[in-house]
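Below: one structure, written as structure tokens.
Since the model is a prediction, treat every value here as computed from it, not as a measurement. Both backbone and side-chain heavy atoms feed into the values below; hydrogens, waters and symmetry mates do not. Below, chain A is the first sequence line, B the second, and so on; all start at residue 1.
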Amino acid sequence: MNAPRHLFRIQCIGCVTRFLGTPVQRVILPGGAHLQTPGSQHSNGQFLRSFHCSAVCTTSRPNRTEFEKAVEHPTQHKDKSLITHDDLFERAARDSNTKADFNRVVDVFNKADIRRRGHVEFIYAALKKMPEFGVERDIAVYNKLLDVFPKEVFVPQNFIQRMFNHYPRQQECGVQLLEQIENYGIIPNVETKVLLAQIFGEKSHPMRKYQRIMYWFPRFKHANPFPVPHVLPGDPVELARFSLTRIADDLDAKVTIYQYPSTDITETGQEVTRPHILGIQSPDQRSLLAKHNPCRPVYVEGPFPLWLRKTCVHYFLLKADPIPPEEKVVEEDVDPELIGPEQSLFYPQRVELDLERDMGDDESFYVDDVEEGLVYAMCMAGQGDQATLSQWISGLQETCPILGQIPTVFRLESGPRELQTSSDAQQTPEQEVEIDQIIEDEPQRSQRVN
Amino acid sequence: MAVSRKALKSLSGVYGVTHRQPLLFPSTLGCSAILSTRSAYERDYRRPGQSPDTRWPWQKIHFDFSKGVEGIKKHIGLLKDEFVQRWTGPEGRPLLEHMLEQTRVQWEFRGPESLDQWVVSSDQEIGGHSVAYTKLGKNNTTCFLYGSLCSMPPRDGETRYSGYCTLRSKQPLASFDRKKTYDWSSFNTLHMRIRGDGRPWMVNVSVETFFSHQRDDIYSYFLYTRGGPYWQDVKIPFSKFFLSSRGRIQDNQHVLWLDKVKSIGFTLGDKADGPFQLEIDFIGLRNDLAHTEEFAYELYKRNPEV
């Protein structure tokens, strides 16, 4: 069935070569979203069908450089080797891995063969190499890759072609490209749609994939209530500030920078780097710390992991053991006689009646609360050693002088530790003995009494 | 059921995939049998290269007298409960309590036997390298799910994506291993108290379906964790759950019908290699009267259009 088409195409190439001097006709209508109807393709695009260039291709045509010649030269003997395109990228990657290099390789391929022979393999190879060049989150590059497909060749012309999977390998390749777009979480743009309509037609599989992406992505774009930017701040202080405010979950909490990162050179010529130390504490935490029983120690624990997309940062906690039941202070009821300055004289401070509630309107869950120690402050530091963290504690003492009377125990681990190991509910005497032993044995984990 | 390989999702890309096709690589049968999240009646996921299980059914039976006695005890006990509880009220609770119920704690973690209701699994099932474990929290009141994610796909030449870890509840069984389902039709919101490390998870709910080709249908939504030392109360309305099958969002969406819920699962697959942890205090249900939405996605419009 394809034979007459091929014959026709050869004729077309003959026709088109005559037109090569003139600028190639564009088929994108103004507005972009208006796509060419199949009817007009027949009338207009018949003899331009074999190849079309699109906006991406025509606008960016850099001059021939040394590099291009170097890359292009071996592609002349393409027929002899089996794998050519991987090679093309590897040769480009030898010097530098940038977006410009990637684009240049695509340009070289586009120019090498007017029929774009082997473009499916080339696109697969390019998709695989994209993270290497750092362009995996760039929609313009994906559009440029889509532009490698010859236009209007794969558009089904009649109902039989439309019924069967027309050019399945090429459509699969297009779907694969869109799937990579999807996996990296980028939203395709109108240009992608125009290109897909030109290459595969309006109802092809890649077009469907595009429509599905555009249906679901905007719905879930802002689903995350704790958004993380794609590019995290490079400055460690800013990164620490961002993560601390994220985990503190309190708008009143204040970030304090106890030490900026700096590098000093002492008289002996040694370089001393000071890590950054940032802490966060809310007024509530400060008042709770002020009420802490000075006989019981507080613990500096960590490092605990926090993931911000693909980066992992670590933080430290200043926390206490859970208060044992015998020491728990029973919250005293507010005396109705006791009237504060803001108390209106005409209304009681508390109304026991709840007129809005009906029998079944109990919305609480019958679960026991998890007994855990209070968290008094959080900190992120450039180094997780004890010296750095004791600087944080001494910085905290300026606002919370009670820390001077409370023994502070450092329970640090070299690697990140699990959050729950710190939350010992009822610490048995054995465990405490263990901790004491550790403190005695290792000078690193010494007890620091200020 | 197939919750495990459902959601290889990234933060934004929800239609993850596990590519499964015939075989290339020889591997052991035993390993996957241990890790599998499927029940005895369903066929296991067969990795590429894995030879089919050719044992006869009677070769799989391990006869053990003491186990049999224990089983009989257990099933008779369950049967007795079924008969006796009916006199108290529906599901063994007084009728008034049942009718006025606004919240229900469906799963909480008290003691090691509560972990038996859960299956933890990872992409080792398909040949990946992630590991996941569960244990009880320090004071035995939480479930602590931890492990390490590795998104390197297995080198069998066919599997393209990998890297997930999952926790899934077992389907409840009545006496003599009859399947039971949860009836959550009086609630409209899922309420959980969790503590994570900042990674996004996915909550999957699988329901009883009529046709066998709907076996892999699950309803999912995202569970974003804040990270940090504090507990986080998460409320997810059931109207937001979308239908997916074998890791792909379906074009024809459907409301999650809550009258026959089989299980709930949590999947991590955010492609960030490294250790992870999630601590679950309880999983409950509530009837949020302020929430009136029936389904969050359009049913009147075809997707893709035309």
Side-chain angles (χ1 to χ4, degrees), chain A residues 179 182-186 203 207-208 210-217 219-221 223-226 228 243 246-249 304-312 315 317 319 322 358-372 375 378 416 418-426, chain B residues 10-17 96 99-105 108 137-142 144 146 161 191 193 195-200 221-222 224-232 242 249 251 270-277 279 281-282 284 286-289 296-297 303-306:
Chain A
E179 195 166 300
E182 173 201 332
N183 279 346
Y184 282 107
I186 341 162
K203 292 183 180 178
M207 197 63 182
R208 293 288 190 219
Y210 169 84
Q211 283 166 332
R212 283 179 190 125
I213 293 176
M214 293 308 277
Y215 183 84
W216 289 106
F217 266 29
R219 271 166 185 71
F220 299 136
K221 200 177 171 186
N224 193 348
F226 321 110
V228 185
S243 11
R246 178 186 162 102
I247 59 176
D249 191 18
F304 303 114
L306 169 72
W307 284 89
L308 305 165
R309 287 190 195 271
K310 308 243 165 141
T311 33
C312 188
Y315 61 93
L317 297 178
K319 66 183 292 184
D358 202 350
M359 281 167 76
D361 287 359
D362 186 11
E363 298 221 322
S364 54
F365 285 92
Y366 294 104
V367 275
D368 304 331
D369 284 338
V370 181
E371 302 257 335
E372 285 190 341
V375 178
M378 288 180 267
E418 293 153 5
L419 196 55
Q420 57 124 20
T421 51
S422 59
S423 57
D424 323 25
Q426 259 74 49
Chain B
S10 64
L11 197 76
S12 36
V14 211
Y15 338 21
V17 122
L96 198 67
M99 284 170 68
L100 296 177
E101 188 181 38
Q102 298 291 310
T103 58
R104 183 194 290 177
V105 179
E108 55 182 341
K138 247 295 153 48
N139 40 12
N140 285 355
T141 53
T142 55
F144 192 77
Y146 65 103
Y161 310 108
H191 189 123
R193 188 172 294 156
R195 180 161 68 180
D197 56 353
R199 287 184 185 243
Y221 198 69
F222 315 106
Y224 295 102
T225 58
R226 178 186 275 279
Y230 299 126
W231 287 97
Q232 185 187 343
F242 53 83
I249 296 193
D251 287 346
D270 65 346
K271 290 177 189 159
D273 293 359
F276 67 89
Q277 58 186 31
E279 207 172 345
D281 182 8
F282 72 90
R286 71 156 62 228
N287 185 17
D288 189 356
L289 294 172
Y297 314 102
N303 162 50
E305 272 182 86
V306 182

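- Partners of A/Asp368 according to the side-chain hydrogen bond (donor to acceptor under 3.5 Å, both in side chains) rule, which considers only residues two or more places apart in sequence or in another chain, do not exist here.
- With sequence neighbours left out, A/Tyr210 forms a ring-ring contact (aromatic ring centres under 6.0 Å, His included) with no residue at all.
- Taking CG of B/Asp281 as the reference point, atom CG of A/Asp369 lies at 7.5 Å (rounded to 0.5 Å).
- In terms of heavy-atom pairs under 4.5 angstrom with chain A, the leader among B/Arg104, B/Glu108, B/His191, B/Met99 is B/His191.
- Inter-residue side-chain proximity for A/Val370 and B/Arg193 is flagged as unmet; no heavy-atom pair is nearer than 4.5 Å.
- Contact check for A/Gln211 versus B/Asp251: no side-chain heavy atoms found under the 4.5 Å cut-off.
- A pairwise comparison of heavy atoms in B/Asn139 and A/Glu371 identifies ND2-O, 3.0 Å as the closest pair.
- Under a 3.5 Å cut-off, the side chain of A/Trp307 and the backbone N or O of B/Pro275 do form a donor-acceptor pair.
- Rounded to the nearest 0.5 angstrom, A/Arg309 CZ and B/Asp270 CG are separated by 10.0 Å.
- You'll find the side chain of A/Lys319 stays beyond 4.5 Å of the side chain of B/Pro229, heavy atoms only.
- The closest side-chain heavy-atom distance from A/Glu372 to B/Trp231 is below 4.5 Å.
- Shown here for B/Ala272 and A/Lys310, the closest heavy-atom pair between the two residues is CB-CA, 4.0 Å.
- Note that the OH atom of B/Tyr297 and the OH atom of A/Tyr215 stand 9.0 Å from one another [nearest 0.5 Å].
- No part of A/Ser243 comes within reach of chain B, as not one of its non-hydrogen atoms sits under 4.5 angstrom from that chain.
- For chain B, the option among A/Thr311, A/Val367, A/Leu308 with the highest count of heavy-atom pairs below 4.5 Å is A/Val367.
- The shortest side-chain heavy-atom distance between B/Tyr221 and A/Phe220 falls under the 4.5 Å cut-off.
- A donor-acceptor contact shorter than 3.5 Å is absent between the side chain of A/Asp249 and the backbone of B/Tyr230.
- Between the OG1 atom of B/Thr225 and the CZ atom of A/Phe226 there is a distance of 8.0 Å, given to the nearest 0.5 Å.
- The contact between A/Leu306 and chain B is made by backbone and side chain atoms together, counting heavy-atom distances below 4.5 Å.
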